[in-house]
Engineer: 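First the structure, then my questions, so here it is.
As a basis for the values below, the full set of heavy atoms in this structure was taken, side chains included, without hydrogen atoms, waters or symmetry mates. Note that the structure is a prediction, hence the values are computed from the model and not measured. Chain letters run A, B, ... following the sequence lines, proteins first and then strands; every chain starts at 1.
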Number of protein chains: 2
Amino acid sequence: MQTAGIKEVIMEQAQTPNRLDPIHRGHIRLRPDKPLRKGMRNMQKPTLHSIAKYLDTSTCTISRVLNGKGSQYRIAEATQERILNYVKKINYRPNVAAQSLRLNRTREVGLILPDFANPFYTNVAKYVATEARKRNYSVQIIETEDDTKTEIDAISHMLHCRVEGLIVWPVGLESKHFRDLASNAPPIVLVDRCFPDLKLSQVTVDNALSSEIATNHLLDFGHREIACFQGLEHTATSEDRVEGYRRALTARGIGVDDSLIIGDSFTQSSGYRSVGQLLASRPSVSAVFSLSNQITLGALRAFAERGLNVPDDISMVSFDEIDGVEFFATPLTVISQPIAEIGRRATEVLFEKIDGNDSCKEQYQLLPANLISRSSVKLFAQ
Amino acid sequence: MQTAGIKEVIMEQAQTPNRLDPIHRGHIRLRPDKPLRKGMRNMQKPTLHSIAKYLDTSTCTISRVLNGKGSQYRIAEATQERILNYVKKINYRPNVAAQSLRLNRTREVGLILPDFANPFYTNVAKYVATEARKRNYSVQIIETEDDTKTEIDAISHMLHCRVEGLIVWPVGLESKHFRDLASNAPPIVLVDRCFPDLKLSQVTVDNALSSEIATNHLLDFGHREIACFQGLEHTATSEDRVEGYRRALTARGIGVDDSLIIGDSFTQSSGYRSVGQLLASRPSVSAVFSLSNQITLGALRAFAERGLNVPDDISMVSFDEIDGVEFFATPLTVISQPIAEIGRRATEVLFEKIDGNDSCKEQYQLLPANLISRSSVKLFAQ
DNA sequence: TTGAAAGCGTTACCAG
DNA sequence: CTGGTAACGCTTTCAA
């Protein structure tokens, strides 16, 4: 624990000045006769009502002016100016809860990700946030920690909050909760771990094709005994990648040996254990195709512990780019996903749907990934 | 652009069944006589009103039961059960906007970070999200991209949304907008890039001390000519770290040479440029202390391009842990910040303040960092 | 050109 | 034990 030795400088409670213009002080308690309702926090902010009272006009006139409908309702220039000036002066901002209630729209979108500590996932947030800011939307986030139950709760929470749109990077094991969505649910876009047979907009990389390319790369270097370190079984992501691996081998007339396909999750731990299992059963293997960056990191650790060198003792290709791989003892050859593009697409699709652009039907978008060749694959010379 | 070659599978609009129990269908349009208000989206959900009508009871009774005040108001067990069953059956969830409006509390907290793609920042989100979920709070996020103007807008947006608490990882260049906060602003906790003279709760690492330790480490290995690659100037984070570096040198009676302190931001680009500048002016330098992980990555690239080896040609200590450094050609010796602890603390403080726990005054918490010794520092033998 | 008033869905006060 | 009713702050209809 890092708890010991902490220096705490206790300070006084902030005494910053109240920003409410004194001119508006008459509004601080609009009804001083009535007692404050229980459970209400006493921070009186200006309201249309209080402003109307002060400017001797009505709430609706102010509302109109603020919503840019001044000319539409032919409100006198002078009145408009008076209102705008005053509102600016006291820094008035309408109450979003009241607006949401009245308009039945929240100006919020939701984002559900497996892990906030992994930039691979949080990258999507960049585009959602940018686009949301442009449109004056808020972004709400929830982390699932790859737990389906949490994901279901998260979606339920978002719907409960009446978000106007939702981007989900699903755990990928179950899709029932997506199928069960009510027809009046807000637009939803799935990212990466998709379900091809689901009638929802989805954006992902062409996993099978990318895997085929990676496997072919190893084959081109003469490798024939290639292990595949898979991720979470029964997810489309893992299965599609394994499928690509199989396709590549089969196409060259090499039989697929199922004992070479090992691992059970997209984690370092799985990668680490896979190495042990592999070397025990198939010490003659000459190359590994790892299905994610985390799996790779775990495998690398296991190889290092055994004094095995990449690529001298074993060649390696990994799915996903890794921050700083170019400085690794052996810079890794990887399949690099267009992560930024995935985020941008998902965001675009989401807001198109929010805007009710019906030209945009439910789509299943497959983006291409690139092989980046570095030095972790060596010619196999038996 | 990755746009080419995309396969789009156009699907039909989802036709999932409406989840509203048929028993509740009488509520779908409560007032079919009245036309729908303009601007309102037609997705009728059950309300207390509609449920009350159906169960032949009143809104307040239902409200009480749902808020666990059934026994307090001595509502008949039978009634309670009837209500709970039905509410569960139709999957009713109260309208949050109406609750917010009525209670004047939003059950939302805000999180403002410089960059969503950097796990160093997003790690805080893990704790905020976990704690928020426990308490049934929502988490809203905004990214500033290290731009003060954006930060000011972000804070303004959060206040506008009436979040009940706010965690900010500030840009760090300006603090005026924090000073100007109204006294009725929600609790705010600052993280990492702090302003020691600000009367706000702040959580950060002891930058000066950590820097001193790092510099001492280099001094212990015999280095005397040590460069310091600083970050964004005029931020407490950078200045405190430089201060620690100065202190260590001075304590050993070694004069501080300002021409050895170079760099202008916490970016790879700054680190890269610093190497060029350093080698041009002081080719005799034997060690570098880099003030952030990004700076380090940039510097490493520059060294590699010049064929300079770490640590044979130059020793290096870096602030911040880097994912996978143990696999680097030269595993780096770093100052590892207790990032998880920082996030946990900030979250704890925030929710204590939200709960109005006044035992918790404004605090400036300094957490200790650790030196993790690997192989990037070599004995200096002239 | 403006305003009064009716809700949006909830909770709390009071009255039975 | 239960329910009517008045807010909360906003937007829009309708009337002037």
Engineer: Among the candidates D:dC10, C:dA12, D:dC1, find the nucleotide nearest to the side-chain atoms of A:Y92.
Structural biologist: D:dC10
Engineer: What is the separation between atom CD on B:Q80 and atom P on D:dC1, rounded to the nearest whole Å?
Structural biologist: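 Distance, rounded to whole Å: 10 Å.
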Engineer: Does B:S63 have a side-chain nitrogen or oxygen under 4.0 Å from the phosphate oxygens OP1 or OP2 of C:dA12?
Structural biologist: no
Engineer: Any idea how A:F195 and A:F178 line up, ring-wise: parallel (<30°), tilted (30 to 60°), or perpendicular (>60°)?
Structural biologist: tilted
Engineer: Regarding D:dT2, can its base be found pairing with the side chain of B:R82 as donor and acceptor, where the two atoms are less than 3.5 Å apart?
Structural biologist: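 Donor-acceptor pair under 3.5 Å: no.
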Engineer: Taking only distance into account, with no hydrogens and no angle test, what donor-acceptor pairs under 3.5 Å do side-chain atoms of residues 56-66 of chain A form with protein atoms, sequence neighbours excluded?
Structural biologist:
{"unit_1": "A:S58", "atom_1": "OG", "unit_2": "A:T61", "atom_2": "N", "d": "3.4"}
{"unit_1": "A:S58", "atom_1": "OG", "unit_2": "A:T61", "atom_2": "OG1", "d": "3.1"}

Engineer: Going by an N to O cut-off under 4.0 Å, is there a salt bridge joining B:R135 and B:E131?
Structural biologist: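 The answer is yes: the pair qualifies as a salt bridge.
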Engineer: Can you tell me which nucleotide in C:dA12, C:dC8, C:dT10 comes closest to the side chain of A:L101?
Structural biologist: C:dC8
Engineer: Look at the side-chain N and O atoms of B:S58 and state whether any lies under 4.0 Å from the OP1 or OP2 oxygen of D:dG4.
Structural biologist: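 No, no such contact exists.
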Engineer: Let's see if you can work this out: which of D:dC10, C:dG9, D:dG4 has an atom nearest to the side-chain heavy atoms of B:R64?
Structural biologist: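 Nearest to the side chain of B:R64 among the choices is D:dG4.
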Engineer: Within this structure, what is the NE2-to-P distance between A:H49 and D:dC10, rounded to whole angstrom?
Structural biologist: 11 Å
Engineer: For this output row, return yes or no: ring centroids of A:Y137 and A:F351 closer than 6.0 angstrom.
Structural biologist: yes
Engineer: For B:L48 and D:dA7, what is the distance between atoms CG and P respectively, to the nearest whole Å?
Structural biologist: 19 Å
Engineer: Does a nitrogen or oxygen in the side chain of B:T61 sit under 4.0 Å from OP1 or OP2 of D:dG3?
Structural biologist: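 For D:dG3, OP1/OP2 do have a side-chain N/O of B:T61 under 4.0 Å.
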Engineer: For DNA chain D, whose closest nucleotide is more 5', that of A:C60 or that of B:E77?
Structural biologist: B:E77
Engineer: With respect to the phosphate group of C:dT2, does any side-chain polar atom (N or O) of A:T79 fall under 4.0 Å of OP1 or OP2?
Structural biologist: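 It does, given that an N or O in the side chain of A:T79 lies less than 4.0 Å from OP1 or OP2 of C:dT2.
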Engineer: Would you call A:V87 and A:I51 a side-chain contact if the rule is heavy atoms closer than 4.5 Å?
Structural biologist: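 Touching, per the 4.5 Å side-chain cut-off.
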Engineer: Quick one: on DNA chain C, does B:Y73 or B:N95 contact a more 5' nucleotide (nearest heavy atom)?
Structural biologist: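 Its nearest nucleotide lies further toward 5', so the answer is B:N95.
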Engineer: Any side-chain N or O of A:T59 below 4.0 angstrom from OP1/OP2 of D:dG9?
Structural biologist: no
Engineer: Provide, to the nearest angstrom, the distance between the NZ atom belonging to B:K53 and the P atom belonging to D:dG4.
Structural biologist: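 Rounding to the nearest Å, NZ of B:K53 and P of D:dG4 are 12 Å apart.
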Engineer: Counting any heavy atom closer than 4.0 Å, what does B:S100 reach on the DNA or RNA strands: base, sugar-phosphate only, or nothing?
Structural biologist: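 Nothing, no heavy atom under 4.0 Å.
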